[in-house]
Amino acid sequence: MIILEGKKTANDIKGEIAIEVAALVNAGGKKPHLAAILVGVDGASETYVSAKVKACEKVGFDSTLVRFNNEVTEEELLTEIDKINNNDAIDGLIVQLPLPKHINEMKVTEMISPTKDVDGFHPVNIGRMALNLPTYLPATPAGILELLERYQVETSGKHCVVIGRSHIVGSPMSILMARNTNPGNCTVTLTHSRTQNLKEITKTADILIVALGKVEFVTADMVKKGVCIIDVGITRVKSDKTKSGWKLLGDVDFGSVKKMCSFITPVPGGVGPMTIAMLLKNTLMSAKRVIY
Ligand code: GUN
């Protein structure tokens, strides 16, 4: 069983990006610049955004964090996005999700210029992804592809089962794994809350990608021997065994499932750090005008 070490791989990628940034700046270019919009005071979003800002510093990017309180109107948010879209100093813009209920997330996503959409969530970029055209890939699915590639996990002709159909992970992941690319070329089954006989399906998976947000949902009896498991779940639960009083758990019961696996990602230190590394990669691509 091989652990897919996301934390280490993400650090390698950040090192590669830092070298490129230094070369850009040495050649008289400007530093890549990421802007992030954070609405409200959701604990998890706060953690993710501060990790993104810190990662920018680490690789030599500029970053701008724009905060709004929970009562911000959709109009105010759209106006800020328009301002950033038109600010030539900023290469990439993300709006941390989820947003408060009174704001239409799709309207916000569509307002971000596809050229600065380094989350890869804009319908134009999702369409380009589906058509295998150059684009910004959504960061979490891109991080998973990068792990599969760097650890040389064979995907061609394999049965990939995805649990969860979110716009951020499950849905794009299913498209990417079916594309005629490497990694890719899988036969893909996308499962979700209405799927019947889930266990019968997961037991046939060569690659199982789990992104449903239910702690330790996947157990050893649900998988076949030799499976490669990618655990996207990350939930904070109370613990009397850690100093902080909290621990992070995935969607996979790592302890019981690992003996069945050829490869598995840990939580924490698996997919999470890769998401941030790929966001940086997309921002660097935007600064270098690789796509648009
Ligand atoms: N919320 C959870 N994951 C993500 C992500 O990758 N990007 C944004 N903007 N919000 C998220």
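Every number for a ligand or one of its atoms is a count from 1 in the order of the listing. Computed from a predicted structure; not experimentally measured.
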Measuring from non-hydrogen atoms of Phe121 to any atom of ligand 1, is the shortest distance under 4.0 Å?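 It does; at least one heavy atom falls under 4.0 Å.
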Establish, from distance only, whether the side-chain atoms of Thr64 and His33 form a donor-acceptor pair under 3.5 Å.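 Judged by distance alone, the side chains do pair up.
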Which residue and non-hydrogen atom of the protein lie closest to atom 11 (C) of ligand 1, and at what distance in Å?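 Its nearest protein heavy-atom neighbour is Gln96 NE2, 3.3 Å.
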Any donor-acceptor pair under 3.5 Å linking the side chain of Lys259 with the backbone of Lys225?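 Checking the backbone N and O of Lys225 against the side chain of Lys259, no donor-acceptor pair under 3.5 Å is found.
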One residue to check: [X]. Relative to ligand 1, which of side chain, backbone, both or neither has a non-hydrogen atom less than 4.0 Å away?
{"X": "Leu97", "result": "both"}
{"X": "Glu105", "result": "neither"}
{"X": "Val95", "result": "backbone"}

Heavy-atom distance under 4.5 Å between the side chains of Glu74 and Lys107, does that happen here?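 Heavy-atom side-chain distance check passes, below 4.5 Å.
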Please tell me whether Leu148 and Val210 are part of a single hydrophobic cluster in this structure, the criterion being side-chain heavy atoms less than 4.5 Å apart.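 Leu148 does not cluster with Val210.
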Enumerated ligand 1 atoms positioned under 4.0 Å from heavy atoms of Lys52: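 In order of numbering, the contacting atoms are 5 (C), 7 (N).
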In plain terms, say whether Glu16 and Lys281 are close enough for a salt bridge, that is, a side-chain N and a carboxylate O under 4.0 Å apart.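 No, no charged N to carboxylate O under 4.0 Å.
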Under a 4.0 Å N-O cut-off, is there an ion pair linking Glu154 with Lys158?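 Looking at Lys158 together with Glu154, the answer is no, because their closest N to O distance does not fall below 4.0 Å.
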Winner among Thr275, Asp119, Ile94 once heavy atoms are compared against atom 9 (N) of ligand 1: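 The residue whose heavy atom sits nearest atom 9 (N) of ligand 1 is Asp119.
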